[in-house]
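Working notes, structure below.
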Amino acid sequence: MKQNQLFKQTRWQLVTWYTGILGLILALCGLGVYEAVAHAHRITIEQELQSVARTLHDSLETVLREPGKLEPEAIRLLPDACLTEGCLRNTDSHEIEAIAHNKYYLRLFQKSGNLVAVAGLQPEGLPRIRGERQLVTLADAQGTRYRQISLMLHTRDNRDWGYLQVGRNLQDFDRYVANVKWILLLGLPVVAVLVMAAGWGLAGRAMQPIYQSYRQMQQFTADAAHELRTPLAAMRATVESMLMLPRISEVDVRETLQVIDRQNQRLTHLVADLLILCRIDRQLNQNLDSFIEEEEIVLNDLVNDIGEELAVLALDSGIELSFEILVTQPLKVKGNTEQLYCLLFNLASNGIQYTPAGGKVTLILKEEKDRALIQVKDTGIGIPPEEQETIFDRFYRVDQARSRHRGGSGLGLAIARAIARAHHGSISVQSQVGQGSTFAIRLPKASSSG
């Protein structure tokens with residue numbers, strides 16, 4: 001894939017899109033996490049603030065007697081309270097401990113808005129807001145934020161006394177939320193880099209089958225062009241040599257036409273094989289079952305027909321051709337008779353082609369549970385172990401010289417494998433160099449109900 005600029009650019013585009021889309025999703029998720037964390041802490045702080053304010057409010061209302069006046073009993077409830085007359089050190093109050101922990105401030109106002117007392121924190125420059133607004137966020141002169149709640153106070157006899165304001169320092173909240181924000185902001189580029197790296201690897205893996213198909217297509221096109229060029233070049237050379245002769249006899253013309261006819265037959269067979277492969281590939285890509293006609297085929301008859309068809313070819317080649325039917329009942333499959341005939345014909349004719357004179361080719365029909373097994377055994381030249389997978393590639397030949405002499409196109413086994421797959425079956429080979437080969441085709445049997 002590294003050698004092809006088109007695939008490299010496509011891979012980068014996939015990585016860019018993948019990283020961009022996933023980065024946007026992660027950014028939105030990060031924003032959601034940030035808002036969720038901030039909201040959860042904000043709710044917790046407000047609940048804590050309301051709890052402290054309510055506790056203090058209820059405690060004060062039990063000791064207040066006169067509107068706008070703060071009795072000694074009420075002062076004892078406030079730690080380090082500062083009145084208009086001065087500040088008092090109160091170490092006995094544990095009524096509201098949170099106020100004494102440098103997180104809260106407390107302010108008491110008369111109904112007229114005059115400040116009566118303060119306790120706890122004493123932030124500078126904090127604006128005074130009347131008690132009509134229950135929950136507000138304020139900032140002091142240094143920019144420190146506070147969350148404040150205001151509650152109306154009543155005397156013991158239920159007269160309006162004034163109002164109470166309790167505020168909480170938000171520094172710890174702001175610091176925590178800021179840390180979360182920075183973690184998310186700094187983590188996003190790191191995650192984006194990791195996503196890009198992962199996307200590069202995933203894009204490579206995803207494109208590998210496409211790239212292999214592309215390479216196979218290139219190889220197939222080059223091989224097909226080479227196979228087509230050879231007979232065309234032979235015909236052209238023959239015609240040019242004849243045209244160079246000053247006089248052409250009838251014998252020369254006949255010999256030339258015979259050469260052209262042989263090359264034309266070779267081209268015809270090659271084109272026919274290519275058309276078969278293209279048709280099978282197209283049907284397999286569109287719909288596997290559409291290629292299979294629902295006709296019931298008796299393999300016993302098909303094997304016998306192949307034996308009769310190739311008997312003359314085997315006799316001319318000095319090969320003994322036999323077949324063994326190892327089933328007692330007709331063995332049936334569903335499929336396309338023409339294509340299965342082509343499959344067996346290619347394997348049997350290949351066995352004859354690659355077996356020296358005096359050898360033997362045997363067709364065997366067996367039954368394996370729910371599958372039919374057809375074996376084509378020969379005593380030919382055999383196939384090296386390293387080539388037993390590649391022999392099913394298009395235009396591949398084990399013996400180049402023998403195949404070209406016999407006119408083979410190198411497509412027979414590729415067609416055989418495509419037909420087997422189209423029939424939901426498989427094809428395999430076992431071979432030893434110099435001892436022969438055994439090709440096995442396994443096809444699903446037709447159901448007895450049909």
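Just so it is clear, the model here is predicted, and its values are computed rather than measured.
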Where is the tightest heavy-atom contact between [X] and [Y], given as atom of each residue plus distance?
| X | Y | result |
| --- | --- | --- |
| Ala440 | Leu373 | CB-CD1, 3.9 Å |
| Leu135 | Arg147 | CB-NH2, 3.9 Å |
| Leu443 | Gly425 | CD2-CA, 4.1 Å |
| Thr355 | Lys360 | CG2-N, 3.9 Å |
| Ile149 | Ala53 | CG2-CB, 3.6 Å |
| Leu14 | Ala203 | CB-CB, 4.3 Å |

Looking at residues at least two apart in the chain, or sitting in another chain, which of them share a ring pair (Phe, Tyr, Trp, His ring centres under 6.0 Å) with Phe345?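 Once residues adjacent in sequence are excluded, Phe345 has no partner under the ring pair (Phe, Tyr, Trp, His ring centres under 6.0 Å) criterion.
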
Could I get the full list of ring pair (Phe, Tyr, Trp, His ring centres under 6.0 Å) partners for Trp200, not counting sequence neighbours? Trp12

Quick check: do [X] and [Y] have side-chain heavy atoms less than 4.5 Å from each other?
| X | Y | result |
| --- | --- | --- |
| Pro123 | Thr144 | no |
| Val259 | Glu255 | no |
| Leu151 | Val166 | no |
| Val327 | Leu299 | no |
| Val37 | Val177 | no |
| Thr438 | Asp378 | no |

Side chain to side chain contact (heavy atoms under 4.5 Å, CB included) evaluation trace for Tyr146 with Leu126: CA-CA 9 Å; Tyr146 296 85; Leu126 195 69; 3.9 Å; yes

Among Ile319, Ile352, Leu315, whose side-chain contact (heavy atoms from CB on, under 4.5 Å) with Leu310 holds?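 Of the listed residues Ile319, Ile352, Leu315, the side-chain contact (heavy atoms from CB on, under 4.5 Å) partner of Leu310 is Ile352.
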
Within this structure, what is the [atom1]-[atom2] distance for the pair [X] and [Y], rounded to the nearest 0.5 Å?
| X | Y | atom1 | atom2 | answer |
| --- | --- | --- | --- | --- |
| Ile364 | Lys377 | CD1 | NZ | 5.0 Å |
| Glu309 | Tyr341 | CD | OH | 3.5 Å |
| Gln263 | Thr268 | CD | OG1 | 11.0 Å |
| Leu186 | Ile183 | CG | CD1 | 8.5 Å |
| Phe439 | Ile441 | CZ | CD1 | 9.0 Å |
| Glu295 | Asn336 | CD | CG | 5.5 Å |

Using the rule given for side chain to side chain contact (heavy atoms under 4.5 Å, CB included), can you reason through Leu343 versus Ile374, listing the C-alpha separation, both sets of side-chain angles and the distance that settles it, and then say yes or no? CA-CA 11 Å; Leu343 165 61; Ile374 308 173; over 6 Å; no

Residues that Leu202 engages under side chain to side chain contact (heavy atoms under 4.5 Å, CB included), provided they are two or more places apart: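 With sequence neighbours excluded, Leu202 shows a side chain to side chain contact (heavy atoms under 4.5 Å, CB included) to Tyr18, given in chain and number order.
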
List the residues meeting side chain to side chain contact (heavy atoms under 4.5 Å, CB included) with Thr328, not counting sequence neighbours, and say none if there are none. none

Check residues 235-243 and write down every donor-acceptor pair under 3.5 Å in which the side-chain atom is one partner and the other belongs to a residue at least two apart or another chain.
| from | atom 1 | to | atom 2 | distance (Å) |
| --- | --- | --- | --- | --- |
| Arg236 | NE | Glu240 | OE2 | 2.9 |
| Thr238 | OG1 | Ala234 | O | 2.8 |
| Ser241 | OG | Ala237 | O | 3.2 |
| Ser241 | OG | Thr238 | O | 2.7 |

Residues Gln353, Leu313; criterion side chain to side chain contact (heavy atoms under 4.5 Å, CB included); working and verdict: CA-CA 9 Å; Gln353 177 179 330; Leu313 176 62; over 6 Å; no

With side chain to side chain contact (heavy atoms under 4.5 Å, CB included) as the criterion, how do His423 and Val333 come out once you've worked through the C-alpha distance, each side chain's angles and the decisive distance to 0.1 Å? CA-CA 9 Å; His423 285 75; Val333 297; over 6 Å; no

With Asp261 via side-chain hydrogen bond (donor to acceptor under 3.5 Å, both in side chains) - residues at least two apart: Gln265

How would you list, by chain and number, every residue that makes a side-chain hydrogen bond (donor to acceptor under 3.5 Å, both in side chains) with Glu61, sequence neighbours excluded?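 Expected list: His57, His154.
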
Counting only N and O atoms by type, is there a donor-acceptor contact under 3.5 Å from the side chain of [X] to the main-chain atoms of [Y]?
| X | Y | answer |
| --- | --- | --- |
| Asp370 | Pro444 | no |
| Ser349 | Asn346 | yes |
| Thr19 | Val15 | yes |
| Ser51 | Gln47 | no |

What salt bridge (charged side-chain N to carboxylate O under 4.0 Å, His left out) pairs are there with at least one residue in residues 431-447, not counting sequence neighbours?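 Only Glu367-Lys445, Glu368-Arg442 qualify under salt bridge (charged side-chain N to carboxylate O under 4.0 Å, His left out).
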
Pairs touching residues 20-42 that satisfy ring-ring contact (aromatic ring centres under 6.0 Å, His included), sequence neighbours left out: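 Output for this query lists His41-Tyr176.
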
Over 12 foreign heavy atoms within 6.0 Å of CD, Gln142: yes

List the atom pairs, donor and acceptor, that lie under 3.5 Å between side-chain atoms in residues 426-435 and the rest of the protein, sequence neighbours left out.
| from | atom 1 | to | atom 2 | distance (Å) |
| --- | --- | --- | --- | --- |
| Ser431 | OG | Ile383 | N | 2.7 |
| Ser431 | OG | Gly436 | O | 3.1 |
| Ser431 | OG | Ser437 | OG | 2.7 |
| Gln432 | OE1 | Gln435 | NE2 | 3.3 |

Would you please name every residue forming a salt bridge (charged side-chain N to carboxylate O under 4.0 Å, His left out) with Glu386, sequence neighbours left out?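 For Glu386, no residue satisfies salt bridge (charged side-chain N to carboxylate O under 4.0 Å, His left out) once neighbours in sequence are set aside.
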
Check salt bridge (charged side-chain N to carboxylate O under 4.0 Å, His left out) between Lys332 and all other residues, then give those that pass, not counting sequence neighbours.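 So Lys332 forms a salt bridge (charged side-chain N to carboxylate O under 4.0 Å, His left out) with Glu296.
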
Please check if any side-chain donor atom of Thr362 sits under 3.5 Å from a side-chain acceptor atom of Glu324, or the reverse.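 No pair is found: no donor N or O on one side chain lies under 3.5 Å from an acceptor on the other.
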
Gln165-Tyr105 side chain donor-acceptor pair, cut-off 3.5 Å: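 Gln165 vs Tyr105: no donor-acceptor pair found between side chains.
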
Using 4.0 Å as the upper bound for N to carboxylate O, is an ion pair formed by Glu46 and Arg42?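 No salt bridge links Arg42 with Glu46.
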
